[in-house]
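Proteins get letters first, then strands, A, B, ... in listed order; numbering begins at 1 in each.
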Number of protein chains: 4
Amino acid sequence: MADSGAETGGIAADHLKSFIERIERLEEEKAAIANDVKEVYAEAKGTGFDVKIMRQIIRLRKMEPNDRAEQEELLDIYMRAVGMVA
Amino acid sequence: MADSGAETGGIAADHLKSFIERIERLEEEKAAIANDVKEVYAEAKGTGFDVKIMRQIIRLRKMEPNDRAEQEELLDIYMRAVGMVA
Amino acid sequence: MADSGAETGGIAADHLKSFIERIERLEEEKAAIANDVKEVYAEAKGTGFDVKIMRQIIRLRKMEPNDRAEQEELLDIYMRAVGMVA
Amino acid sequence: MADSGAETGGIAADHLKSFIERIERLEEEKAAIANDVKEVYAEAKGTGFDVKIMRQIIRLRKMEPNDRAEQEELLDIYMRAVGMVA
DNA sequence: CTGCCATTTTACCGGC
DNA sequence: GCCGGTAAAATGGCAG
């Protein structure tokens, strides 16, 4: 076998396995953090905050102020166009 | 003001801010790890591996641990009932 | 065998099959309509409209005006709390 | 006013409104069908069938038609490489 | 740059 | 009636 590319016999198999395991480790870490996030939301909710609004806040803070303003303006225009007061 | 629940004047505002910032920090960490994952995939791809299949592998390996055998029996019965071979 | 409940031998199997097929037909119809929706969005986009904003409009129109006002107010409060101007 | 693109004064507003209303009508139809689906599940449940398993069946039947056999071969190779039995 | 795929978010449904 | 998980929608990212 010429072993062009990545046939998975021999060392290629080991290589693949290594990649997979590295990714799985990272995914585990990521999942752990995602879980932490969930817990913070849960705690906030328990304190009386509205989770959905909190998500909106976080989304808005992530946006460039300019983009945000533009979107709001456009939304406003569309709303008038379809007859929603403001 | 009775401050029942989570009105966001005074300390409640601080509390909310604190929650938001905790989440944002965690999301940053998560994004960093997600980026690492992406890089590993890119490296694997450069080595000649098929990223899409790799994702499948990882998905499958994550599913395996579940002892879903319990439900599979009933599923099997239903499958026979509707004419799916097995 | 007493055939109480829904063991899937005999007529029960036929019954199950019938339910499944009815659902599958309905799901097909639903998918077709979902596709139509997609096409309308595509056409609107081709005319120069912003699809994302359109989705927002539709979401807002689906909400009770009261609820919408409440959410906006709450969002506003939260924004001030975390120091976003308005 | 040059009316390049889709400013929403005049006819553009009408156009937008028309798109929105078409989508809303389609979404209504879709919701009606979704409701029918729900009713069939309810009826099946009343007959003694397990709704969750039924959903699984339908999911599986939707997947089958795909001739995924092509990719399965490569998947198989990769699975062996990382030590998954088959 | 368009369409596709993956992730994320929202809504729904069944269980307790 | 709420909570948790499960499926649908939607947004964002990537390849072609």
Side-chain angles (χ1 to χ4, degrees), chain A residues 23 26-27 30-31 33-35 37-39 41-43 45-46 50-60 62-64 67-68 71, chain B residues 23-24 26-27 30-31 33-35 37-42 44-46 49-59 62-63 66 68 71, chain C residues 23 26-27 30-31 33-46 48 50-60 62-63 67 71, chain D residues 23-24 26-27 30-46 49-60 62-63 66 68 71:
Chain A
I23 291 167
L26 289 167
E27 291 289 1
K30 190 149 72 79
I33 294 174
N35 201 53
V37 170
K38 216 178 67 177
E39 282 173 16
Y41 274 121
E43 191 190 340
K45 183 181 179 174
D50 184 316
V51 171
K52 194 175 168 186
I53 305 287
M54 285 178 70
R55 284 187 192 278
Q56 264 186 274
I57 293 285
I58 286 168
R59 224 180 304 130
L60 290 173
K62 201 158 47 182
M63 288 175 71
E64 288 291 320
D67 297 349
R68 181 153 72 85
Q71 285 218 355
Chain B
I23 292 168
E24 283 176 338
L26 289 167
E27 291 290 0
K30 190 149 72 77
I33 294 175
N35 200 53
V37 170
K38 213 178 69 178
E39 282 172 17
V40 177
Y41 274 121
K45 183 179 180 176
F49 293 108
D50 183 315
V51 171
K52 193 174 169 186
I53 305 289
M54 285 179 69
R55 285 187 193 276
Q56 265 186 274
I57 292 285
I58 285 167
R59 222 180 307 131
K62 197 160 48 183
M63 288 164 67
N66 295 342
R68 56 186 179 186
Q71 289 204 344
Chain C
I23 291 168
L26 289 168
E27 291 289 0
K30 190 150 70 79
I33 294 175
N35 201 52
D36 291 349
V37 170
K38 215 178 67 177
E39 283 173 16
V40 177
Y41 275 120
E43 190 190 341
K45 183 179 179 175
D50 184 314
V51 170
K52 193 175 168 184
I53 305 288
M54 285 178 68
R55 285 186 193 278
Q56 264 186 276
I57 293 286
I58 286 168
R59 226 179 303 129
L60 290 173
K62 200 158 46 182
M63 289 175 71
D67 298 351
Q71 284 217 357
Chain D
I23 291 167
E24 283 175 338
L26 289 166
E27 292 289 1
K30 190 150 69 80
I33 295 175
N35 201 53
D36 291 348
V37 170
K38 212 178 71 177
E39 282 173 16
V40 177
Y41 275 120
E43 191 190 340
K45 183 179 180 176
F49 292 109
D50 184 316
V51 170
K52 193 173 169 185
I53 305 288
M54 285 179 69
R55 286 186 192 277
Q56 265 186 274
I57 292 285
I58 285 168
R59 220 181 309 131
L60 289 173
K62 197 160 49 184
M63 289 164 67
N66 296 342
R68 58 184 179 184
Q71 288 204 343

Original post:
Which nucleotide of DNA chain E is the first, and which the last, in the 5' to 3' direction, to come under 4.0 Å of a heavy atom belonging to chain A?
Top reply: E:dT9 to E:dA11
**OP:** Grab the CD-C1' distance between B:Glu39 and F:dG13 for me, whole Å please.
**Re:** 15 Å
Subject >> Under the side chain to side chain contact (heavy atoms under 4.5 Å, CB included) test, residues paired with C:Glu43 that sit two or more places apart >> reply: D:Phe19, D:Arg22
**OP:** Name all residues meeting the side chain to side chain contact (heavy atoms under 4.5 Å, CB included) criterion together with B:Lys38; count only those two or more places apart in sequence or in a different chain, and write none if there are none.
**Re:** B:Asn35
All N/O pairs under 3.5 Å across the protein-nucleotides 8-12 of chain F interface:
{"unit_1": "F:dA9", "atom_1": "OP1", "unit_2": "D:Lys30", "atom_2": "NZ", "d": "2.6"}
{"unit_1": "F:dA10", "atom_1": "OP2", "unit_2": "C:Arg55", "atom_2": "NH1", "d": "2.8"}
{"unit_1": "F:dT11", "atom_1": "OP1", "unit_2": "C:Arg59", "atom_2": "NH2", "d": "3.2"}
{"unit_1": "F:dG12", "atom_1": "OP2", "unit_2": "C:Lys52", "atom_2": "NZ", "d": "3.3"}

Original post:
Do you know which two heavy atoms are closest between A:Val51 and A:Lys45, and how far apart they sit?
Top reply: CG2-CB, 3.8 Å
Subject >> Minimum heavy-atom distance D:Lys52-D:Asp50, with the two atoms named >> reply: N-OD1, 2.9 Å
Subject >> Student check: side-chain heavy atoms of B:Ile33 and B:Lys30 closer than 4.5 Å >> reply: no
**OP:** Apply side chain to side chain contact (heavy atoms under 4.5 Å, CB included) to the pair D:Gln56 and D:Ile53, showing each step before the final yes or no.
**Re:** CA-CA 5 Å; D:Gln56 265 186 274; D:Ile53 305 288; 3.7 Å; yes
**OP:** Would you work out how much the helix from E:dC1-F:dG16 to E:dC16-F:dG1 bends between its ends, with each end axis defined by five base pairs, to 10 degrees?
**Re:** 10°
What distance separates [X] [atom1] from [Y] [atom2], expressed to the nearest 0.5 Å?
X	Y	atom1	atom2	value
A:Ile58	A:Arg55	CD1	CZ	8.0 Å
D:Tyr41	D:Asp36	OH	CG	13.0 Å
B:Glu39	A:Ile23	CD	CD1	11.5 Å

Distances under 3.5 Å between protein N/O atoms and the N/O atoms of nucleotides 14-16 of chain F, please, pair by pair.
{"unit_1": "F:dC14", "atom_1": "OP1", "unit_2": "B:Lys38", "atom_2": "NZ", "d": "3.1"}

**OP:** Could you check D:Glu27 against C:Lys62 for side chain to side chain contact (heavy atoms under 4.5 Å, CB included), going step by step and ending with a plain yes or no?
**Re:** CA-CA 11 Å; D:Glu27 292 289 1; C:Lys62 200 158 46 182; over 6 Å; no
